[in-house]
Amino acid sequence: MKTALITGATSGIGRATAVLLAKNNYKIILCGRRIDRLAELKEELSKVTEVHALVFDVRDKNAVFEAISGLPEAFSRIDILINNAGNAHGLDPIQSGDPDDWDAMIDINVKGLLYVSKAVIPQMVERKSGHIINIGSIAGLEVYPNGNVYCASKHAVDAINKGMRMDLNPYGIRVGAINPGMVETAFSEVRFKGDTERAANVYKGVAALQPEDIADIIHFVVSRPYHVNIADLLVLPTVQASATILRRTVL
């Protein structure tokens with residue numbers, strides 16, 4: 001039975017992925033900041049598979065290394081790493097952006113991904129096997145107005161994914177990115193700092209992707225024969241043609 005470690009596992013894509021992989025006979029390591037949600041999800045998934053929960057913020061380098069190095073023996077071999085934790089803060093033009101928002105996006109989307117990867121990769125290198133999936137975004141392939149630093153952070157994920165694949169190629173480690181377009185999660189609520197009405201309007205009249213859609217794709221990717229590596233995948237809802245072109249039905 002393979003073991004998958006998922007960051008940002010308490011909501012959205014991360015949670016949906018944990019649920020689906022658990023149902024398909026993977027052992028799951030849930031990672032997140034919210035103890036109550038982790039405990040609730042662990043209890044739910046423990047009915048179908050072996051589950052371990054790690055509480056840490058990916059921005060905290062020491063906490064990341066300590067948590068992953070302290071995994072119990074039954075979960076110490078990580079076959080699949082899903083770097084899902086990420087966020088967007090604010091939607092402002094560069095001249096009026098909040099530096100605290102910039103720090104949050106760079107620390108979580110870029111540095112957090114690197115810290116977790118650094119903690120996991122050595123064991124994959126030693127075994128000469130493993131699979132890393134980096135959850136990017138259409139924002140890592142295009143830039144849109146007021147997206148400046150968020151887009152920059154996701155462009156960094158795209159570059160890290162490509163460089164990681166090159167560096168780990170000699171060790172037989174699969175590396176790939178899944179880049180979703182519009183997915184209906186708590187993403188916009190975080191971006192707009194709890195303004196639920198503004199967040200809801202983002203998805204109004206749009207048949208957006210759901211977290212379960214991306215989870216289904218992740219399961220497909222990790223279940224391919226080992227000689228197959230899906231390296232870079234852009235996933236859009238049918239109504240979306242680009243980061244800025246969206247067919248919206250007025251409700």
Side-chain angles (χ1 to χ4, degrees), residues 1-60 63-89 104 107-109 112-113 115-117 119-120 123 130-137 178 180 183-191 194 196 199-200 203 208-223 235:
M1 183 184 293
K2 291 185 176 181
T3 298
L5 185 150
I6 306 168
T7 65
T10 57
S11 65
I13 293 170
R15 190 185 195 285
T17 301
V19 169
L20 185 58
L21 293 186
K23 290 177 180 177
N24 282 275
N25 205 35
Y26 291 82
K27 291 199 291 187
I28 305 296
I29 302 171
L30 304 168
C31 303
R33 295 177 293 111
R34 291 172 284 195
I35 298 175
D36 54 341
R37 290 196 180 188
L38 281 172
E40 178 185 344
L41 184 57
K42 180 182 178 182
E43 182 179 2
E44 176 186 338
L45 299 187
S46 292
K47 298 172 184 176
V48 294
T49 191
E50 297 176 56
V51 184
H52 187 76
L54 295 178
V55 182
F56 61 81
D57 188 329
V58 296
R59 292 176 289 188
D60 187 334
V64 169
F65 294 153
E66 182 178 345
I68 293 175
S69 66
L71 282 166
E73 180 64 28
F75 292 89
S76 61
R77 174 184 170 127
I78 298 168
D79 301 288
I80 300 163
L81 166 61
I82 301 172
N83 279 314
N84 168 71
N87 67 36
H89 285 265
D107 288 348
I108 295 172
N109 298 350
L113 182 152
Y115 295 157
V116 175
S117 299
V120 172
Q123 60 171 267
H131 196 168
I132 300 171
I133 296 178
N134 298 308
I135 304 299
S137 169
I178 297 174
V183 185
E184 190 171 2
T185 65
F187 175 90
S188 291
E189 194 168 328
V190 172
R191 165 169 266 178
T196 54
Y203 307 106
L209 295 169
Q210 299 301 306
E212 292 76 14
D213 297 322
I214 305 303
D216 191 41
I217 291 167
I218 291 171
H219 176 238
F220 175 82
V221 169
V222 301
S223 61
V235 186

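Quantities reported herein were computed from a predicted structural model and do not represent experimental measurements.
- No side-chain heavy atom of Val222 sits less than 4.5 Å from a side-chain heavy atom of Asp79.
- One distance of note links CD1 of Ile217 with CG of Leu20; it measures 11.5 Å at 0.5 Å rounding.
- Of the possible polar contacts, one joining the Lys27 side chain to the Ala74 backbone as a donor-acceptor pair under 3.5 Å is found.
- To the nearest 0.5 Å, atoms CD1 (Ile178) and CD1 (Ile218) are separated by 4.5 Å.
- The minimum heavy-atom distance between Ala4 and Leu21, with the atom names listed, is CB-CD1, 4.0 Å.
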Contacts under 3.5 angstrom, residues 32-46 side chains, donor-acceptor by atom type, not counting sequence neighbours:
from, atom 1, to, atom 2, distance (Å)
Arg34, NH2, Thr10, OG1, 3.1
Arg34, NH2, Ser11, OG, 3.4
Glu44, OE1, Arg15, NH2, 2.9
Ser46, OG, Lys42, O, 2.6

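- A donor-acceptor pair under 3.5 Å is absent between the side-chain atoms of Asp107 and the main chain of Ala104, judged by distance alone.
- Taking NE2 of His219 as the reference point, atom CD1 of Ile214 lies at 15.0 Å (rounded to 0.5 Å).
- Looking at Tyr203, its side chain does come within 3.5 Å of a backbone N or O of Val183 through a donor-acceptor pair.
- The side chain to side chain contact (heavy atoms under 4.5 Å, CB included) with Leu81 is formed by just one residue from the set Leu113, Val120, Thr3, Ile133; it is Val120.
- A distance of 8.0 Å separates CG in Asn24 from OG in Ser223, rounded to the nearest 0.5 Å.
- Looking at every heavy atom in both residues, Asn84 comes nearest to Gly8 through ND2-O, 3.0 Å.
- Every pair tested for ring-ring contact (aromatic ring centres under 6.0 Å, His included) that includes a residue from residues 1-51 fails, sequence neighbours excluded, so the list is empty.
- To the nearest 0.5 angstrom, Ile6 atom CD1 is 6.0 Å from Thr17 atom OG1.
- The two residues Gly12 and Thr185 make their nearest non-hydrogen contact at CA-CG2, 4.1 Å.
- The CG atom of Asn134 sits 12.0 Å away from the CG atom of Asn109 when rounded to the nearest 0.5 Å.
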Please test Met1 against Thr49 for side chain to side chain contact (heavy atoms under 4.5 Å, CB included), starting from the C-alpha separation and ending with a verdict.
-> CA-CA 10 Å; Met1 183 184 293; Thr49 191; 3.9 Å; yes
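- Summarising the geometry of Tyr115 relative to Val58, their closest heavy-atom pair is CD1-O, 3.2 Å, with the distance given to 0.1 Å.
- Scored by the ring pair (Phe, Tyr, Trp, His ring centres under 6.0 Å) test, Phe75 finds His52 as partners (sequence neighbours excluded).
- Between Leu5 and Ile78, the shortest heavy-atom distance links the atoms CD1-CD1, 3.6 Å.
- Counting all heavy atoms, side chain and backbone alike, Ala119 lies closest to Ile68 at CB-CD1, 3.7 Å.
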